[in-house]
Amino acid sequence: MELPKIYSAKDYEDQIYELWEASGFFNPDNLPKSKKAFSIAMPPPNATGTLHIGHAMMLVLQDLMIRYHRMKGEQTLWLPGTDHASIATQNKVEKILEKEGQTRHSLGREAFLERINAYVEESRGIIRGQIRKLGSSCDWSRERYTLDEGLSRAVSEMFVRMHQDKLLYRDYRIVNWCPRCTSTLADDEVKHREEAGKLYFIKYPIRGTNASITVATTRPETMLGDAAVAVHPDDIRYKEFVGQVAVLPLENREIPVIADSHVEKDFGSGALKVTPAHDLNDFNLGKKYHLKTLKIFDDSGKVDLSELQKAGVDISPIASYQGMDRFAAREVIVKDLEKTGALEKIEELTHSVGICYRCDTVIEPYISLQWFVSVDTKIKRHNASLKELMLETVESGKTEIIPKRFEKTYFNWITNLRDWCVSRQIWFGHQLPVYYCEKGSGGCGETIVSVTPPAACSKCSNTALRRDQDTLDTWFSSGLWTFSTLGWPKTATEKGGKIKKTGDLLRFHPTSVLETGYDIIFFWVARMILMSRYALGEAPFKQVYLHGLVLDLNRKKMSKSHEETLIDPLDVIPKYGTDALRLSMLVGVTPGNDLLLNEEKIASYRNFVNKLWNVSRFILALPDEETSKKKTKTLADAWILSRLNRTIAEVAVLLESSRFSHAAEELRAFTWDDLADWYLEIAKIEGGKKWILLEILEKLVTLWHPFAPFVTEVLYQQIHPLSEIKGEKKHSPKLLMVHEWPTAENKGVVKTAERDFHTIRSLVQAIRNARAENAIAASQKIQAVFFSRDKAQLLTQNSHLLQSLCRLDFITVMESGERPTNALFLKVEDIEVYLPLGMLKIEEERARLGAEIERIRIFMKIITTRLDDIQFTQKAPAHIVQKERAKLAEHEEHIRKLEKQQKILR
RNA sequence: GGGCAGUUAGCUCAGCUGGUUAGAGCAUGCGGUUUACAUCCGCAGGGUCAGAGGUUCGAAUCCUCUACUGCCCACCA
């Protein structure tokens, strides 16, 4: 049972995980019964491939919470799964197809979906393995996938219910169109990027005059679809043109000049070209002034004049642009305008451009018929709109966001929220449960929304129904995640307006915590609150714990595009161990703040894990001793037990308040500073401590387990058989992961022991310091004389420690008497220490004492001025004043001793 | 344009409701094989807490302003 000198994580981890998984304790059904439940719905990783460092971050934090609560004896569920991630996954597979010279269209919808499913199946397998690698103790028996049968059913059900409640509607609106994905995007799926662009000034002649209005635009190509020129009503430059007709250059089409206060006089030329089909503002103007909405691009962003033609426009002057990409068209059109003299000038400007969050393509605003979720419609059942429900959930504290400042961000976003476009022109995902009875094919024009495909139209009995080809926004299904995974809608029945939950939904919903990155608060957190409040009337989670981004050395988000600084969890795990990686992501991290990660940091926690390993190794290798020969406790024993109890109590407080990093720091300080550096050294001196050390060790590995599960479980397996030798027949489970969480003993913290030990410790440190400063070789033993009236007994009782830890060969403890005349002088608390060094240089020592006196005088001065201030003595609380007085007295005493020592030196 | 954070030792960060001479880890320097660990041990150096003003007996901590950095949101073409 000899343990190796160095802990080699990779030799144990896989085996330990198997042990855990086989135990069945990941599943709450196998845990001891308890009234208290704790649950987390794991944010499902995208089914697009592999886990990155961001996933590691969430897994590590969640596993910490889960393990802690499980050890506290709660019914603990961590439900894992994967998200089909419609656009992201479809894009990924399309890229693979591209390499094979194929497109989704060349394959056809069905073959394409088969291809994606095969890909997803493979990547889900990889992801499962990777989640295990991090030690995640999630319940695999409850694993879900957003596109599996139950969840798909939940999605359709939700869609139908929302439609019944008139929260879903279909309309022509300006949407964010990604010409590369050939799909719409929700508002929050559009990123904005500052770009250097150009502002083109184009002259639009006024019919029947020699005058013209100059409009300014960044997108001159959209002029093909212009429907008006707009100016501000108060703009004296253009007042005379309002109501007249302008002639569109190149096309020679006539459009009205209108006045609207929306136009800003000071921007550009003060005149605006209005393109209702390709800009939201222009669309609104178009509605207001009944302008034509002329769409000029097809779904891949190429010029398409067919709609103009349908609208009766003579397209012959502009026919050459047909089929051009929008950016190519821009260049050609600018050139043509230049040729005809319509281009007045070009100005440089930086402006923000909307881009697709999945593929970085510039978004084309575009009129389109889509499905929307209304966020402002009052829902009868709730007597509130979705927006109001979302606000109320956080305002009322039904859901608490950690850190709190993100609540403001949340409120701000919700307040400005507009209707949510949920239909996507993507093949992969949940197809809309919508069926059209089309007039063109003999139907009545009815739209049927139904969970199961209807056989015939409910109105006209037409059987030739067409299902909507669109799929749903991926966030629609992930919005249901906390409850669709718990069996909804089957596990919730509604009676008389009240919802009755059963099964897992009753046990685990609302979930306890949602742990995720702050970058996903709008996409996901808000949508989950929306869905859960709507469907169940309750919050999806009681707490949201937000972590930050993982950044590299250059403070950039760690990603594949920065290969040099990338840390792949799967690369570092074999090298440093999962526990080291986990600790490096847990310690020194505050909620909501980004984390700077590099290999050095991981290496330092690898060192710590090894320290813990060696502490255990030392303890386990101590010779066995009989219980009956338990010695009476020494000061050091009382101190370390007191520190242990204090640590247990503090860690509990910190974990309960989600200050995980602080908890780990406390534990680290106890483990390394107190236990390893002091107590173990003392154990070597005092001996006979196996019994007490084993008790400490068992609690220690228990406390560390949620942070570093692997090494602690390995160590626990080593302690366990030994703990039985001591003859106590305590029922103890075989796995640390379900070991009872330690609680602080009532009388565990002994202040006198801590204070006395602190005195000894300070003495040792002062003497060590003196030795180092006077270059006394470590091997050289010296003498020491201690004078103390109050602590003489303490010093005598612990002289063995002083002797050994300071390398002293002879100790004298006196209450009073003649002070040595040729000795180095130190003062610790009220203890005088004299180190008679044969070769003491008297003048140098006298100078050192003088410098010391000066140093203390400075502090005294500060205190005296403070105490001389009547304001202070009158207004400050008595105990503070008292403290200052005591301090002053101590300084005075110290100086007296130093001066005395100066005199007697010879 | 609006909002939110941050600015503390060379680096990364703690510092809860204001109260000793502001802390930790890493890095640095010096000294160490003391039968757990050199992935280690001992000791040390290093900070006008971004700047200015205010509140207070007392401010890294509370308030105001300024500067710089980062992030989020936004339909100025």
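Note that the structure is predicted; figures quoted are calculated from it, not measured. Labels below follow one simple rule: chain letters A, B, ... track the order of the sequence lines, proteins then strands, and each chain is numbered from 1.
Using a 4.0 Å heavy-atom criterion, one finds that A:I858 contacts no nucleic acid atom at all. Residue A:H662 is classed as a sugar-phosphate contact, given heavy-atom separations below 4.0 Å to backbone atoms only. At a threshold of 4.0 angstrom between heavy atoms, the contacts of A:A777 with the nucleic acid are absent. In this structure, A:P877 reaches the bases: a heavy-atom distance under 4.0 Å links it to at least one base atom across the strands shown. Across all strands shown, A:E884 has no heavy atoms under 4.0 Å from either base or sugar-phosphate atoms. Within 4.0 Å of A:K611, counting heavy atoms only, lies at least one base atom of the nucleic acid. A:W678 comes within 4.0 angstrom of no nucleic acid atom, judged by non-hydrogen atoms across all strands. Within 4.0 Å of A:D519, counting heavy atoms only, lies no atom of the nucleic acid at all. Base contact: A:R606 has a heavy atom under 4.0 Å from a base atom. Using a 4.0 Å heavy-atom cutoff across all strands shown, A:N281 reaches at least one base atom of the nucleic acid. Nucleic acid contact for A:H891: base, since at least one base atom lies under 4.0 Å from a heavy atom of the residue. If you check every strand for non-hydrogen atoms under 4.0 Å, A:R555 touches sugar and phosphate atoms only. Counting any heavy atom pair closer than 4.0 Å across all strands shown, A:N610 reaches a base atom. Counting non-hydrogen atoms under 4.0 angstrom, A:I6 reaches a base of the nucleic acid.
Counted within 6.0 Å of OH on A:Y172, heavy atoms from surrounding residues, nucleotides or ligands total 12 or fewer; the atom is thus considered open.
Residues A:T865 and A:I862 come closest through the heavy atom pair OG1-O, 2.8 Å. Residue A:I414 comes nearest to A:K387 through the heavy atom pair O-CE, 3.3 Å, listed as atom of the first residue, atom of the second, then distance.
Taking only side-chain atoms of A:E264, from C-beta outward, the nucleotide of B:C76, B:A74, B:C43 with the closest atom is B:C76. With distances taken from any side-chain atom of A:F872 to the nucleotides B:G19, B:C76, B:C13, the minimum falls on B:G19. Checked against B:C76, B:C4, B:C75, the side chain of A:F267 finds its nearest nucleotide in B:C76. Relative to the side chain of A:T218, the nucleotides B:C37, B:A77, B:A36 differ in distance, and B:A77 lies closest. For A:R866, the side-chain atoms get nearest to B:U21 when compared with the rest of B:C43, B:U21, B:C57. Listed candidates were B:C76, B:A36, B:G42. Nearest to the side chain of A:N614 is B:A36. Taking every side-chain heavy atom of A:L596 into account, B:C13 is the closest of B:U21, B:A36, B:C13. If you check B:A77, B:C75, B:C57 against the side chain of A:K875, the one that comes closest is B:C57. Which of B:C43, B:A38, B:C57 sits closest to the side chain of A:A876 comes down to B:C57. When the nucleotides B:G19, B:C43, B:C37 are ranked by their closest atom to the side chain of A:I880, B:G19 comes out on top.
The side chain of A:N769 places an N or O atom within less than 4.0 Å of a non-bridging phosphate oxygen (OP1 or OP2) of B:A44. For the pair A:T590 and B:A14, the criterion of a side-chain N or O lying under 4.0 Å from OP1 or OP2 is met. Under 4.0 angstrom from either OP1 or OP2 of B:U39 there lies no side-chain N or O belonging to A:W613. Considering only side-chain N and O atoms, A:K887 lies nowhere under 4.0 angstrom from the phosphate OP1 or OP2 of B:U20. Distances shown here put a side-chain N or O of A:R418 below 4.0 Å from the OP1 or OP2 atom of B:C75. In this structure, A:N607 reaches the B:C40 phosphate: one of its side-chain N or O atoms is under 4.0 Å from OP1 or OP2. Between A:N598 and B:C26, a side-chain N or O to OP1/OP2 separation shorter than 4.0 Å is absent.
What separates CD of A:Q882 from C1' of B:C57 is a distance of 17 Å, to the nearest Å. Going from atom CG of A:L680 over to atom C1' of B:C41 covers 13 Å, rounded to whole Å. For the pair A:N416 CG and B:G1 P, the interatomic distance rounds to 18 Å; values are reported in whole Å. Residue A:E665 contributes atom CD, which lies 10 Å from atom P of B:G15 at whole-angstrom precision. Here B:C72 presents its C1' atom at 9 Å from CG of A:N412, a figure rounded to the nearest Å. What separates CD of A:E599 from C1' of B:U12 is a distance of 17 Å, to the nearest Å. Per the geometry, CG belonging to A:D673 stands 9 Å off P belonging to B:G42, to the nearest Å. Protein atom CG of A:N774 is 15 Å distant from nucleotide atom P of B:C43, rounded to whole Å.
The base-pairing partner of B:U20, taking Watson-Crick or G-U wobble contacts with both distances under 3.5 Å, does not exist among the strands shown. Nucleotide B:C4 forms a pair with B:G70, judged by Watson-Crick or G-U wobble geometry with both contacts under 3.5 Å. Within the shown strands, B:G32 is the pairing partner of B:C40 under the Watson-Crick or G-U definition, both distances less than 3.5 Å. When both pairing distances are held under 3.5 Å, B:A52 makes a Watson-Crick or G-U pair with B:U64.
With both ends at atom C1', the span from B:A14 to B:G1 equals 36 Å, rounded to whole Å. Distance noted for atom C1' between B:G31 and B:U69: 42 Å (whole Å). Comparing B:U35 with B:U21, their C1' atoms are spaced 41 Å from each other, to the whole Å. On the P atoms, B:G70 is 24 Å away from B:C75, given to the nearest whole Å. Look at the P atom in both B:U7 and B:C13: the space between them is 10 Å, to the nearest Å. The gap from the C1' atom of B:U55 to that of B:C63 amounts to 7 Å, rounded to the nearest Å. B:G29 and B:A67: their C1' atoms are spaced 36 Å apart (whole Å). B:A36 and B:A44 have their P atoms separated by 25 Å, given to the nearest Å.
Between A:E407 and A:K404, at least one side-chain nitrogen of the basic residue sits less than 4.0 Å from a carboxylate oxygen of the acidic one, meeting the salt-bridge criterion.
The aromatic rings of A:Y12 and A:W613 sit tilted relative to each other, their planes meeting at an angle between 30° and 60°. Using cut-offs of 30° and 60° for the angle between ring planes, the A:F523 and A:Y357 rings count as tilted. Under the 30°/60° scheme for interplanar angles, the aromatic rings of A:W704 and A:F608 are found to be tilted.
Judged by distance alone with a 3.5 Å cut-off, a donor-acceptor contact links the side chain of A:K684 to the base of B:A36. No hydrogens or angles were tested; on distance alone, a donor-acceptor pair under 3.5 Å links the side chain of A:E681 to the base of B:A36.
Summarising the geometry, atom CG belonging to A:L596 is positioned 11.0 Å from atom CG belonging to A:L549; distances are rounded to the nearest 0.5 Å.
Taking for each of A:F522 and A:G588 the nucleotide of RNA chain B with the nearest heavy atom, the 5'-most of the two is the partner of A:G588.
Using a 4.5 Å heavy-atom threshold, the side chains of A:Y7 and A:R606 count as separate. You'll find the side chain of A:F406 stays beyond 4.5 Å of the side chain of A:V525, heavy atoms only.
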